[in-house]
J.: 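The structure that follows is given in the form of structure tokens.
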Amino acid sequence: MSHTADDNAKAIETFQHNGGLHPDAILAQLDRILSNPEFAQSERLQKFLRFIVTETLAGRAETLKEFTIALDVFERDDSFDPQTNSIVRVEASRLRAKLVKYNGIEGRNDPIHIRLPTGHYIPVFENNVTAAKSTEGAWATLSSALKPAFLSKKLVASLLFVMLGVVALQFYSPQSSKQGVSNSSNDAQSVLPSSIAILPLRNLSGSADQDFFSDGITDALITALAKRVSIRVISTRSVLAYKNVDKSVASIAQELDVSHVVEGAILRVENKIRITAQLIAIKNNTHLWAETFEREISDVMALQNDIVEQIATSLALRVAAGNSRIQNLLPKRPQAAFEALLKGRFYRNKMTEIGLKTGLSYFKEAIEIQPDYASAYSGMAACYCILGGHGFEIIHPKEAMLPAKTAALEALNLNNSLAEPHAFLGIIYLKYEWDWKAAESAFRQSIALNPSYAQARLFYSFFLEAMGRKDEAIKEAREARAIDPLSREVNINLGWQLLQAGQLEAARLQFEATAELSPDFWGIYWGLGHYYRRIGNPDASIESFQKSIEVGGGHVLPLSGLGYTLAVSGRRAEALAVVNKLKLLSQNSYVSPVNMSGIYAGLGEKELAFAWLEKAFTDRSRSLAWLKVLPEFNTLRTDKRYKLLLARIGLPE
């Protein structure tokens with residue numbers, strides 16, 4: 001009888017933990033989630049979610065520990081050590097992010113939401129019956145707030161549909177009305193700024209095709225403001241992570257660690273553009289100003305400058321020109337050229353081969369329309385550099401770096417105050433010309449022109465790493481992260497610099513923290529692969545590299561890491577199979593000979609390793625800039641040929 005009573009008590013406790021929801025309803029929701037494409041394509045995540053949900057429903061939530069999940073979900077044995085293998089934590093981060101995305105988009109109106117709280121493996125089940133009522137309220141609020149005089153009723157309806165589920169309600173809430181808003185500098189002085197984020201301007205056009213325009217104007221505002229003020233301005237890549245994210249401004253500000261936020265919306269209809277923006281001091285939730293700007297589309301550059309001026313004046317900042325008014329440093333451009341520039345930046349920021357090549361075509365289009373467009377030449381230089389020497393080396397260095405240098409120099413010839421072309425000129429000096437003095441000078445010049453340009457800090461850390469200046473490399477990597485805290489590349493670079501400096505556990509923690517930001521980023525597993533190899537866990541290293549290859553996006557970097565680990569682990573045949581795969585890939589896109597050389601070095605094949613290094617020297621492969629610090633070549637360092645190669649590149653031993 002007591003057994004039945006215990007069972008009943010446990011059942012009641014489980015029912016309460018389930019939020020009062022019937023297990024059958026939760027299982028139905030589980031099936032609904034697992035059938036979604038986000039989960040259907042990942043057998044591992046499906047198994048993970050099904051396991052923790054069914055175990056919780058069975059009353060065994062207390063057994064959901066890292067060790068048991070590793071055994072039951074990931075088929076590890078009793079030798080699994082959570083301290084040296086982070087597979088469960090990393091996969092939990094991926095699962096958590098997928099659930100957040102599903103609940104906020106496809107499943108926003110589902111009857112039940114399943115969440116996985118940070119730091120736990122026990123899922124939470126929530127009744128979502130209030131979704132419909134919230135939606136009705138959203139329509140009512142938006143309908144009264146978003147009706148500019150020149151919009152049709154049909155367009156207003158489409159705008160409301162597009163904006164449901166995003167942060168528009170915050171902007172048009174009663175808090176953000178003009179009551180209590182002041183344009184006086186005294187109000188700005190009462191909350192002194194230390195940092196600012198311009199959140200993505202919401203695209204109210206009703207068409208996703210106009211995302212390039214809203215994102216481009218956001219990027220242009222960030223770049224322009226960063227050049228004119230002395231405080232930290234969060235980079236475009238980090239703020240774009242909050243595009244269409246349902247979070248409060250205060251929460252976003254806390255995550256970005258900023259004192260002030262600008263949020264707003266952009267509406268483009270035919271030949272008119274309207275931007276509504278407000279500046280918020282987070283500490284006391286003071287709305288320093290709210291303003292609506294409207295222009296003809298041909299005058300968009302003047303509109304951009306007006307907003308920058310309002311922000312700087314409201315914050316009581318001194319500008320570089322020493323005036324109380326922002327100087328219009330941006331000459332007027334034909335609208336078609338400006339739009340081509342925005343499209344170029346939009347596609348370049350995707351950081352994919354297709355995106356970079358598409359962006360390149362738009363930058364060229366902008367130059368055809370306006371031959372003296374410095375920013376378009378700068379964009380061209382960036383695309384060529386990333387395609388030919390930013391780590392991927394998708395095209396041959398000689399095919400990329402020569403036009404990149406031509407474009408960067410032309411940009412600086414037209415406008416020497418631009419930070420971006422200086423930074424990419426530094427990359428060319430570092431990765432292609434091996435002119436170390438010129439590279440450092442270019443990076444420093446870029447940072448001096450725009451201290452809030454995270455890319456320059458990132459590049460400078462690359463240079464310092466190549467020179468063996470480890471502490472300085474970490475410092476610049478941290479500076480880049482402070483400016484661009486949500487950039488996955490910036491976060492991975494910080495982990496990598498820590499790893500290169502021998503701070504192995506700090507590196508692991510940084511890689512795992514990046515998984516919370518972007519769980520499907522190849523660089524996380526690539527970094528962990530190097531970490532596990534260095535602590536002497538080849539099995540975990542191989543698994544991490546394989547995961548990085550499966551996720552995709554890293555071109556050949558994860559593959560070469562896998563090949564080297566297999567080589568030093570004595571798995572010769574598998575390592576050679578990776579070499580053959582790299583050779584096969586080289587028939588369709590450029591593959592640096594350094595990748596093959598590293599694997600042969602791991603196999604103890606010195607002659608082949610040096611033969612491939614010599615080919616890399618002929619190609620001027622970007623990887624040779626790191627020859628002084630690459631651990632894959634430690635076994636070659638005592639060879640005279642290695643010392644000679646360092647001297648030919650101009651690197652000290």
Side-chain angles (χ1 to χ4, degrees), residues 11 13-61 64 69 73 91-143 157-170 173 202 206 208 241-248 251-252 515-520:
E13 180 182 349
T14 300
F15 184 72
Q16 290 172 338
H17 177 82
N18 295 349
L21 298 167
H22 195 281
D24 288 346
I26 294 173
L27 289 174
Q29 180 62 22
L30 174 65
D31 290 338
R32 191 178 291 115
I33 294 172
L34 295 181
S35 65
N36 182 267
E38 287 282 340
F39 292 87
Q41 62 188 3
S42 176
E43 183 178 345
R44 178 178 283 186
L45 287 184
Q46 283 197 341
K47 188 175 181 181
F48 195 169
L49 181 58
R50 187 175 293 281
F51 177 75
I52 62 176
V53 168
T54 54
E55 287 295 290
T56 301
L57 293 179
R60 296 190 289 271
L64 293 175
I69 292 172
V73 176
E91 291 299 308
S93 297
R94 292 184 67 222
L95 178 58
R96 189 174 296 116
K98 295 284 188 185
L99 287 172
V100 168
K101 182 178 179 181
Y102 176 84
N103 291 336
I105 303 176
E106 293 95 337
R108 64 183 179 274
N109 292 322
D110 286 357
I112 295 172
H113 279 175
I114 299 177
R115 293 191 301 106
L116 184 60
T118 302
H120 298 278
Y121 302 113
I122 302 173
V124 172
F125 313 116
E126 297 174 335
N127 193 326
N128 195 37
V129 296
T130 59
K133 291 182 179 179
S134 298
T135 301
E136 291 173 4
W139 279 85
T141 304
L142 290 168
S143 295
S158 67
L159 295 178
L160 297 176
F161 178 80
V162 170
M163 292 186 64
L164 281 177
V166 299
V167 297
L169 279 174
Q170 290 180 347
S173 66
R202 295 180 296 281
Y242 292 98
K243 184 177 177 180
N244 297 343
V245 171
D246 189 11
K247 284 188 176 182
S248 69
S251 297
I252 295 173
E516 296 288 341
L517 299 175
S518 183
D520 285 330

J.: Locate the shortest heavy-atom distance separating Arg32 from Asp110; write the atom from each residue and the value.
T.: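 That closest heavy-atom pairing would be CD-OD2, 3.5 Å.
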J.: Would you check if Asp31 and Arg50 make a side-chain contact, meaning some heavy-atom pair closer than 4.5 Å?
T.: yes
J.: Is the shortest heavy-atom distance from the side chain of Gln29 to the side chain of Ile33 under 4.5 Å?
T.: yes
J.: Which residues pass the side chain to side chain donor-acceptor pair (under 3.5 Å) test with Glu516, sequence neighbours left out?
T.: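 Residues passing side chain to side chain donor-acceptor pair (under 3.5 Å) with Glu516: Ser93, Arg96.
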J.: Within this structure, what is the CG-CD1 distance for the pair Leu95 and Ile52, rounded to the nearest 0.5 Å?
T.: 5.5 Å
J.: Rounded to the nearest 0.5 Å, what separation is found between the CG atom of Leu57 and the NE2 atom of His22?
T.: 10.5 Å
J.: Applying the side chain to side chain contact (heavy atoms under 4.5 Å, CB included) test to Leu34, which of Leu45, Leu49, Val53 qualifies?
T.: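 Running side chain to side chain contact (heavy atoms under 4.5 Å, CB included) over Leu45, Leu49, Val53 with Leu34 returns exactly one hit, Leu49.
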J.: Minimum heavy-atom separation for Tyr121 and Ala92, please, with both atom names.
T.: CE2-CB, 3.7 Å
J.: Using side-chain heavy atoms (C-beta onward) and a distance below 4.5 Å, is Phe39 in contact with Leu99?
T.: yes
J.: Could you check whether any side-chain heavy atom of Leu64 comes within less than 4.5 Å of a side-chain heavy atom of Pro123, counting everything from C-beta outward?
T.: yes
J.: When rounded to the nearest 0.5 angstrom, what is the spacing between CD in Glu126 and CG in Leu21?
T.: 9.5 Å
J.: Identify the heavy atoms of Val124 and Pro117 that sit nearest to each other, and give their distance.
T.: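 Heavy-atom minimum between the residues: CG2-CG, 3.6 Å.
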